[in-house]
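Values below: all heavy atoms of this structure, side chains included; hydrogens, waters and symmetry mates excluded. To find a chain, count down the sequence lines: A is the first, B the second, and so on, and within it residues start at 1.
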Amino acid sequence: MEKDYLLHKVLNGISTPDEIETLQQDPTYKSYLKIAETASGFETPSFDQEANFEKITNRLSSEKKISRTNPFASLLRIAAVIAVLLAGYLFVNNLDTKVETGIAETKTVILPDDSQVTLNAASKIAYKKSNWDKKRVIDLEGEAYFKVAKGKQFDVKTPQGTVSVLGTQFNVYARNNTLFVQCYEGLVQVTSQDTVIRVPAGTHLKIAEGTYLSKEQSQKTNPSWVNNETDFDNVNLNTVIEQLKRHYPIMVNVAGVDTNQKISGSFTHKNLDIALQSICNPLGLRYTIKDNQVTIYAEAEK
Amino acid sequence: MQKDKDVCKESIYNQIYKEQAKSIWRFLYFKCGNQAQADDLVQEAFIKLWQNCAKVPLEKAKSFLYTVANNTFLNEVAHKKVVLKHARLQPEKVNNESPQFLLEEKQYHKKVQIAIANLTEAQRTAFLMNRIEGKKYREIAEILDISIKAVEKRMSQALVSLRQEIGNI
């Protein structure tokens, strides 16, 4: 241990000649000293201080160069963002414009050519804004009233058929496999499957389950629902209740009443009580309203 | 922060390079025995120092350089077996010895070289920093971030295994 201490003193360069002499007496420590001395005689390959410094400065300045090109890179980045936004805008622009109404809601949409579409409750339309001048096509599900500006052919596509016009006012009802077209001004042409039917002003056409029914109608200038009223002419009670549910957020239970019986009349969109009266009274039915539950039942049974 | 001791100042930075580069390069060479690699690692360490000059006070620059050099070395060449090629620089005093003695000396040097190459990297680095660089234990301890006792231990271990190794060759 004592000798180890002396050895470290030698290696640390703080020993006295006496101490070295002591270690030389021990063959093991003598060989340690020889190894140590030999090792200090070794040299590493020379280090090229200048060349390495030059490389460091080059590498540092090349990094700066990269940062100098950054303004251009960020310009590219901005250009890329603009390109993406532009592409997105074009894409969105080409998408269909969709308008939808919920229960008890009507909406009026002005089309790019100033044609007007009024949507009845629970209906939707879709059309392309971008190409409107060249192709006036609108998809309809539900019911809508059109005031079409004069121009190219105007098509209303429904699942039951396509209604084409050249500037007119007309109502299209397309629900439950029934297409009901009322023309108020001008001339409407209805194409359903292979049949082409023209509907002149003051006439309506009903297509239900493959049967066509054309009829003169009273001299009205627009459909009654536009004035917050629904009128019906010789239709099932069922259909009337369906219509009623579109204008009021209600559930309707019908107890012991023949829902297939035909009925003509109208109901208001503004007051449920009055609307139910105008449906039930002519048929001799009664009703109760509890929250949003409406029960219709036959008077005789109570 | 004294402005005149700012590592970010080019003159200060250049001064640090002049004082430390060679020593760090040799430190790395003791570890990897590869000149090109030691060059790269030294450059890396000094580039890191420049990039972090604002964060490194002057008195910490040296240990920063050694730490970065050591870490980069560990990342790049984890435990790769290397053979050192020490150039021989012998004192002139042996000139008047006999050719026989010179030959033996030469063979002995060769053996020491091989034995040093076979040391563990930790033992070799500490041993050569002391022998070739002439660094005191305290300085080695600082650079390697270990205690002086640990340096003593590495030195003893290095000598023991060198002696054994030379005896076996």
Side-chain angles (χ1 to χ4, degrees), chain A residues 1-17 19-70 73, chain B residues 10 13-14 17-18 21-30 33 35 38-40 42-47 49-51 84-91 105 108-109 111-113 115-116 127-128 130-138 140 148 151-152 155-156 158-160 162-163 165-167:
Chain A
M1 278 301 108
E2 172 67 13
K3 280 174 184 165
D4 273 341
Y5 172 72
L6 290 179
L7 178 64
H8 286 308
K9 274 185 92 174
V10 175
L11 294 174
N12 237 338
I14 47 171
S15 59
T16 61
E19 287 166 343
I20 295 172
E21 193 53 45
T22 316
L23 287 177
Q24 293 285 12
Q25 304 303 317
D26 186 318
T28 307
Y29 284 87
K30 193 183 174 188
S31 62
Y32 284 160
L33 287 177
K34 192 176 182 207
I35 292 166
E37 200 202 337
T38 309
S40 27
F42 288 153
E43 186 49 281
T44 59
S46 60
F47 167 62
D48 194 336
Q49 194 148 333
E50 300 295 312
N52 274 288
F53 191 71
E54 209 166 295
K55 273 189 188 161
I56 290 167
T57 29
N58 284 344
R59 282 169 70 178
L60 279 172
S61 64
S62 76
E63 270 170 42
K64 275 177 204 153
K65 254 176 222 157
I66 291 164
S67 71
R68 254 185 243 123
T69 60
N70 271 352
Chain B
E10 237 170 273
Y13 179 79
N14 292 354
Y17 181 79
K18 264 179 213 153
K22 188 176 181 190
S23 185
I24 293 166
W25 185 87
R26 294 215 276 195
F27 165 74
L28 288 163
Y29 185 80
F30 298 154
Q35 295 182 54
D39 281 352
D40 280 349
V42 161
Q43 289 166 25
E44 199 66 45
F46 275 93
I47 284 168
L49 176 66
W50 183 252
Q51 285 165 345
L84 288 164
K85 294 180 199 117
H86 292 290
R88 214 186 57 168
L89 187 88
Q90 269 306 97
E105 273 295 279
Y108 179 75
H109 288 161
K111 283 179 187 177
V112 177
Q113 267 185 40
I116 288 174
F127 183 72
L128 293 180
N130 172 260
R131 292 292 86 203
I132 295 179
E133 290 269 276
K135 286 194 191 320
K136 305 277 183 259
Y137 283 16
R138 173 176 298 282
I140 297 169
I148 293 175
V151 178
E152 280 180 13
M155 292 297 292
S156 299
L159 281 171
V160 169
L162 285 173
R163 186 165 164 270
E165 187 78 17
I166 289 161

| note | dist B:Ile166:CD1 -> A:Ile35:CD1 (nearest 0.5 Å) comes out at 3.5 Å

| message | Let me confirm one number: the CE-CG distance from B:Met155 to A:Asp4, rounded to the nearest 0.5 Å. | response | 12.0 Å

| task | For the residue pair A:Tyr32 and B:Leu162, establish whether any side-chain heavy-atom pair is separated by less than 4.5 Å. | result | no

| So what's closer than 4.5 Å to chain B heavy atoms on A:Thr57: side chain, backbone, both or neither? | neither

| If we only count heavy atoms from C-beta on, is the B:Trp25 to A:Thr44 side-chain gap below 4.5 Å? | yes

| said: Does A:Glu54 have more than 12 heavy atoms from other residues, nucleotides or ligands lying within 6.0 Å of its CD? | reply: no

| request: Return the minimal non-hydrogen interatomic distance between A:Ala39 and B:Ile116, and the atom names on each side. | output: CB-CD1, 4.1 Å

| task | Report the C-alpha distance between B:Phe46 and A:Asn52 in whole Å, list the side-chain angles of each, state the deciding distance to 0.1 Å, and finish with yes or no for side-chain contact (heavy atoms from CB on, under 4.5 Å). | result | CA-CA 10 Å; B:Phe46 275 93; A:Asn52 274 288; over 6 Å; no

| Minimum-distance pair of heavy atoms, taken over all atoms of A:Lys34 and B:Tyr108 | CG-OH, 3.7 Å

| task | Take the angle between the ring planes of A:Phe53 and B:Tyr13 and call it parallel below 30°, perpendicular above 60°, tilted in between. | result | tilted

| Contact part of B:Val160 toward chain A, heavy-atom cut-off under 4.5 Å: side chain, backbone, both or neither? | both

| query | Heavy-atom distance under 4.5 Å to chain A: side chain of B:Asp39, backbone, both or neither? | reply | both

| message | If you define the side chain from C-beta out and look only at heavy atoms, does anything of B:Arg26 sit under 4.5 Å from A:Phe47? | response | no

| task | Counting only heavy atoms closer than 4.5 Å, note whether B:Glu133 contacts chain A via side chain, backbone, both or neither. | result | neither

| message | Could you measure the distance from the CD atom of B:Gln113 to the OG1 atom of A:Thr38? Nearest 0.5 Å is fine. | response | 10.5 Å

| query | Do side-chain atoms of B:Tyr17 reach the backbone of A:Gln49 as a donor and acceptor pair under 3.5 angstrom? | reply | yes

| remark: Rounded to the nearest 0.5 Å, the CG atom of A:Leu60 sits from the CD atom of B:Gln51 at a distance of 6.5 Å

| query | Nearest 0.5 Å, what's the NZ-CD distance between A:Lys55 and B:Glu44? | reply | 13.0 Å

| Should the pair B:Tyr137 and A:His8 be assigned to parallel (<30°), tilted (30 to 60°) or perpendicular (>60°) ring geometry? | perpendicular

| task | Would you check if the side chain of B:Arg131 reaches a backbone N or O of A:Leu11 as a donor-acceptor pair within less than 3.5 Å? | result | yes

| field | A:Lys9 atom NZ, neighbour heavy-atom count above 12 within 6.0 Å | value | yes

| remark: To the nearest 0.5 Å, atom OG of A:Ser46 lies from atom CD of B:Gln35 at 7.0 Å

| message | Does atom CD (A:Glu50) have a neighbourhood of more than 12 heavy atoms from anything else shown, all under 6.0 Å? | response | no

